[in-house]
Amino acid sequence: MDNRQRDYIIIGSGAGGSTVARGTSKRKKQIFVIERGPETAKMGKPLASTQFYDGNHITLKMLHSREGVGVVRAFIGGGSTIVSVVTELRCLESEIRELGIDLAKDFTEVEQELHVGPNFPRLYSNGSRAMIEAGNDLGYSLNPMPKFIDASKCRKCGQCVFGCVHGAKWTAVQYLNEAVADGAEVSYKHQSHEGACLREESAWGSSR
Ligand SMILES: Cc1cc2nc3c(=O)[nH]c(=O)nc-3n(C[C@H](O)[C@H](O)[C@H](O)COP(=O)(O)OP(=O)(O)OC[C@H]3O[C@@H](n4cnc5c(N)ncnc54)[C@H](O)[C@@H]3O)c2cc1C
């Protein structure tokens, strides 16, 4: 990072960081994003995903918190959205409304912007079809999960959690790219640490 002054430094380019970067860049602010992971990585295969999944890269086991909870996250431009399975659900909407905060309009805005829609029958697996039929037979109506996915690009490879190679999934990289187009700068393979910005030469090789 050089000595030029910026309006904001954003740590991480995942869902949160990229959204803030995009919004603030649009307002003509000087933004510098520090991203721990690489800009791009080979995606779509379990082994390739060890480049960016946080875990033991030798045993391929995920990390656990002291309490024993498995921690799944990705260190890569776009963050964990790269490995998400793109299901869109309105989380805690009614609970938050009880606190006097109505997020309905915000949810609708996000759903429109990310083209959230019901899954397309073409993408159902045989297992899903069997479940829907069994549900119908029992008198239940099973509804597909809404997804933020461009169904026309999906090849139904089932490798979503290793990074979509077909560009069907929405990821935060789209917002990050918009931020960059509006002048934001991104520094990859750096991580913030106790207020300082450290280069991770050993983990990721030399930085660009
Ligand atoms: C396998 C999987 C499937 C998921 N599926 C869904 C789904 O279907 N639907 C859904 O809504 N959500 C899903 N999620 C959750 C969703 O991806 C996360 O809630 C969301 O990405 C969190 O956003 P974030 O910005 O907080 O973190 P992240 O998106 O993880 O971004 C954090 C970023 O910060 C970077 N970083 C971390 N530490 C540092 C540091 N010290 N210095 C610099 N950079 C740093 C990371 O490299 C990363 O890019 C899924 C998550 C996973 C792991």
Side-chain angles (χ1 to χ4, degrees), residues 12-20 22 43-50 52-56 59-76 78-176:
S13 65
S18 290
T19 305
V20 174
R22 184 181 77 143
M43 293 199 279
K45 295 274 182 270
L47 207 58
S49 71
T50 59
F52 48 84
Y53 259 120
D54 187 22
N56 187 316
T59 61
L60 303 184
K61 285 193 176 152
M62 74 164 75
L63 297 181
H64 287 81
S65 71
R66 262 177 305 195
E67 295 78 17
V69 177
V71 179
V72 189
R73 57 183 181 172
F75 295 137
I76 184 173
S80 299
T81 67
I82 297 290
V83 297
S84 103
V85 291
V86 287
T87 298
E88 189 270 352
L89 292 172
R90 294 188 173 202
C91 272
L92 301 175
E93 188 179 11
S94 52
E95 288 85 347
I96 294 172
R97 192 181 297 118
E98 279 170 22
L99 300 174
I101 303 166
D102 189 354
L103 292 177
K105 273 190 189 161
D106 302 270
F107 277 123
T108 304
E109 190 184 326
V110 170
E111 285 159 1
Q112 284 171 351
E113 194 170 315
L114 302 191
H115 306 291
V116 173
N119 214 334
F120 288 78
R122 180 180 72 77
L123 302 179
Y124 296 175
S125 66
N126 290 338
S128 298
R129 283 178 210 283
M131 276 192 357
I132 291 169
E133 280 170 24
N136 288 340
D137 287 348
L138 291 169
Y140 296 110
S141 163
L142 299 190
N143 298 316
M145 297 271 231
K147 299 273 180 183
F148 34 102
I149 191 166
D150 182 343
S152 66
K153 292 184 182 164
C154 178
R155 297 288 168 269
K156 216 179 144 181
C157 66
Q159 306 288 312
C160 310
V161 292
F162 305 119
C164 178
V165 280
H166 306 296
K169 280 187 355 184
W170 174 88
T171 72
V173 171
Q174 294 174 22
Y175 280 7
L176 191 63

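The model shown is predicted, which means the values in this text are computed figures rather than measured ones.
- For the residue pair S84 / T81, no side-chain donor-acceptor distance below 3.5 Å is found, with atom types taken as modelled.
- To the nearest 0.5 Å, atoms CG (L114) and CG (D150) are separated by 12.5 Å.
- The two residues C160 and K169 come nearest to each other via the heavy atoms O-NZ, 2.9 Å.
- Heavy atoms of other residues, nucleotides or ligands lying less than 6.0 angstrom from CG of N126 number 12 at most.
- When all heavy atoms of S80 and A74 are compared, the pair lying nearest together is OG-N, 3.3 Å.
- Using a 4.5 Å heavy-atom threshold, the side chains of V161 and Y53 count as touching.
- The side-chain heavy atoms of E113 and Y175, taken from C-beta on, include a pair separated by under 4.5 Å.
- Of all heavy-atom pairs spanning F162 and S49, the tightest one is CD2-OG, 3.5 Å.
- Closest of all the heavy-atom pairs between L63 and G55 is CG-CA, 3.7 Å.
- Rounded to the nearest 0.5 Å, atoms CZ (R90) and OG1 (T108) are 4.0 Å apart.
- The CZ atom of R22 lies 10.0 Å from the OG atom of S18; values are rounded to the nearest 0.5 Å.
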- Message: Could you walk me through whether R97 and E93 satisfy the salt bridge (charged side-chain N to carboxylate O under 4.0 Å, His left out) test, starting with their C-alpha distance in whole Å, then the side-chain angles of each, then the deciding distance to 0.1 Å, before giving a yes or no?
- Response: CA-CA 6 Å; R97 192 181 297 118; E93 188 179 11; 3.5 Å; yes

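- When all heavy atoms of A172 and G78 are compared, the pair lying nearest together is CB-O, 3.8 Å.
- A salt bridge does not link E109 to K105: none of the charged side-chain nitrogens sits closer than 4.0 Å to a carboxylate oxygen.
- Between L89 and P146, the shortest heavy-atom contact is CD2-CD, 4.3 Å.
- Atoms CE and CZ, from M43 and F52 in turn, are 6.5 Å apart once rounded to the nearest 0.5 Å.
- Side-chain contact between T87 and K147 is present, with at least one heavy-atom pair separated by less than 4.5 Å.
- Residue L99 qualifies as enclosed at atom CG: its count of foreign heavy atoms under 6.0 Å is above 12.
- No more than 12 heavy atoms of other residues, nucleotides or ligands sit less than 6.0 Å from atom NZ of K45.
- Between Q159 and P46 there is a side-chain heavy-atom pair separated by less than 4.5 Å.
- The distance from atom CZ of R155 to atom SG of C164, rounded to the nearest 0.5 Å, is 9.5 Å.
- Going from atom CG of D54 over to atom CD1 of I76 covers 13.0 Å, rounded to the nearest 0.5 Å.
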